[in-house]
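Below, chain A is the first sequence line, B the second, and so on; all start at residue 1.
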Number of protein chains: 2
Amino acid sequence: MNSNGDGPAQSRETGTLGKLMVLLDLVTHADAPLRFTDILALAGQPRGTLHRQLSHLVEEGLLELDGDGRYAPGLRLLDFAARSWARNEFRLIAEPHLADLQQATGETVHLGVLRGQSIIYLDKVEGRQPVRMYSQIGNASPCYCTGVGKAALSLLPAESLGDLIAGLSFTSFTASTHVSAETLLEEIREIADQGFAFDREEHEAGIRCVAAPVWSEDRTFIGGVSITGPAYRLSMELLRQWAVPVQLAAGRIMEGMRVRLGPRR
Amino acid sequence: MNSNGDGPAQSRETGTLGKLMVLLDLVTHADAPLRFTDILALAGQPRGTLHRQLSHLVEEGLLELDGDGRYAPGLRLLDFAARSWARNEFRLIAEPHLADLQQATGETVHLGVLRGQSIIYLDKVEGRQPVRMYSQIGNASPCYCTGVGKAALSLLPAESLGDLIAGLSFTSFTASTHVSAETLLEEIREIADQGFAFDREEHEAGIRCVAAPVWSEDRTFIGGVSITGPAYRLSMELLRQWAVPVQLAAGRIMEGMRVRLGPRR
DNA sequence: AATTAAGTTCCAAATAATGGAATAGCGATA
DNA sequence: TATCGCTATTCCATTATTTGGAACTTAATT
């Protein structure tokens, strides 16, 4: 009963680990540090069991327990993530092309990949203000209401796509958010035809984007590149024009992957 | 040979979880994705056991297995970290004071906290180029050769300090790196007296810094703020002058924590 | 002081992890 | 194409860990 819209995508209940990950999810998704009793209610586990599980997570640095008995995400997670990010080949190869795209348009550029039902943003290049770390990078967003997400979906074979969409539970973030599998599927087909996707203020009011699909040779990374900005500055006409440079950038990233990894595969 | 001095700090072998975390550590610390056999050699576990453990980690998105059978850190780690970072109160409170310090000096400012034997960088404010995400944030560095690290150590009570230092294994990163508990302990005492610490190119040749200790009321966060830069630009005299603004910034951060959290504790 | 709530510890029973061995997959070589 | 050698995967009786109800401690409240 702890499912909440875009929550944990997979969870085949991997024995002990799976149960612990559910707890980590609970704590990291909470708006504020949780007390033991709060988690007890959310997790629906016996007190003794829950207590030991939390203790183990704290001992490993995945959670932290402050002086008031409140559990917060542990900083060891940062270390893991920093390594994960620093060495990610897909991101490393995409980096210069994202920068070029940002230069060409002056707007914010994102790189994201599909993981389960979510898009995880791997990189972001912003124009004006110095980038606010982790502001977007690492964030998981729904696939059905983001440009990158829909671009990624358009790459899936019919069957996987059907399965994935069947498993979605739609949250209406704005008036334009898709709330039915039918209309979403219809747009995905259109995107597959034309080779790029729009986000027409579907995730956040006043924010539009145009995205193109990107994937790695071995399909480990299925995602997209996007240009994002405020609706008042980015007319739909302008976005339509930008579809071309976004697709070109996507193409260059894929070419980069082929050169870097292709020969050996 | 991928052990680099500041490896896994704790690990009380928390049953099943502990063993899995050792594997996660192995993979995230590796310079390149590892194949099954590589991990087999490093982990020293029976094949069957290792295989199932890795499968569980992959199922949970903590590791990823590419088409060539190579294991890399999983992107789910990014999502966890992004949440962990975004809501960290210590960082949120410190943020404006770090920015002020950067403005005042024009050099790079760091905020780090002690976790086990490592300093984990929570934030970074850089002057020139737009911040390269995760570049430093989240990174774990040794406590005995960084300004923030030594500042943090100077806050520990004698006994804990002794225990921690006794458990260190020193890696000589540069000619100036402390390589003995004695000289380190001596400098820590000096730092405790004067209230600030230098890094005299001890971690990276050509890089100096001055740091001041910061801690939260409940001692959950013990760390420091620092100004870092190239030795040719930052003379020791200049660093000595900057000790004052760094200590002031540290004081303001602690005051911020007191205001925000103090009343209720 | 009495009462309620919050957190911690205990231990027999249930469950999951272990690890040795057999099996399957895949390139390279003959 | 058959065979070898290496790598990865599956299987299952044994072993170790987790489970969860209950008792216990501690802190807050009336």
For this session: Examine distances only and state if a side-chain atom of A/Ser216 and a backbone atom of A/Phe221 form a donor-acceptor pair shorter than 3.5 Å.
Result: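 Confirmed, A/Ser216 side chain pairs with A/Phe221 backbone.
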Problem set entry | B/Arg87 to B/Trp85, cation-pi by 6.0 Å centre distance and 45° axis angle | no
For this session: Walk me through it: do B/Ile137 and B/Leu122 pass the test side-chain contact (heavy atoms from CB on, under 4.5 Å)?
Result: CA-CA 5 Å; B/Ile137 292 184; B/Leu122 271 186; over 6 Å; no
Exercise. First and last nucleotide of DNA chain C touching chain B, 5' to 3', heavy-atom cut-off 4.0 Å?
Worked result: C/dA17 to C/dG20
Exercise. Through what angle, rounded to 10 degrees, does the axis of the helix from C/dA1-D/dT30 to C/dA30-D/dT1 turn between its ends, using five pairs per end?
Worked result: 40°
Exercise. Salt bridge between B/Arg83 and A/Asp25, side-chain N to carboxylate O under 4.0 Å?
Worked result: no
Exercise. Between A/Arg258 and A/Glu255, does at least one N-O distance fall below 4.0 Å, as a salt bridge requires?
Worked result: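 Looking at A/Glu255 together with A/Arg258, the answer is yes, because their closest N to O distance falls below 4.0 Å.
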For this session: List the steps, then state whether side-chain contact (heavy atoms from CB on, under 4.5 Å) holds for B/Leu184 with B/Leu168.
Result: CA-CA 11 Å; B/Leu184 175 61; B/Leu168 288 176; 3.9 Å; yes
Exercise. With A/Leu62, which of A/Leu57, A/Leu75, A/Leu54 fulfils side chain to side chain contact (heavy atoms under 4.5 Å, CB included)?
Worked result: A/Leu57
Exercise. Which one of A/Gln53, A/Arg47, A/Arg52 satisfies the side chain to side chain contact (heavy atoms under 4.5 Å, CB included) criterion with A/Leu50?
Worked result: A/Gln53
For this session: Quick one, give me the B/S/- string for nucleotides 8-22 of chain D, reading 5' to 3', where B means a protein heavy atom under 4.0 Å from the base and S means that only happens at the primed atoms, P, OP1 or OP2.
Result: BBB------SSBBB-
Exercise. Step by step, would you call A/Tyr71 with A/Glu64 a side-chain contact (heavy atoms from CB on, under 4.5 Å)?
Worked result: CA-CA 6 Å; A/Tyr71 291 87; A/Glu64 309 212 336; over 6 Å; no
Problem set entry | Heavy-atom pair of closest approach, residues B/Leu77 and A/Ser84 | CD1-CB, 4.5 Å
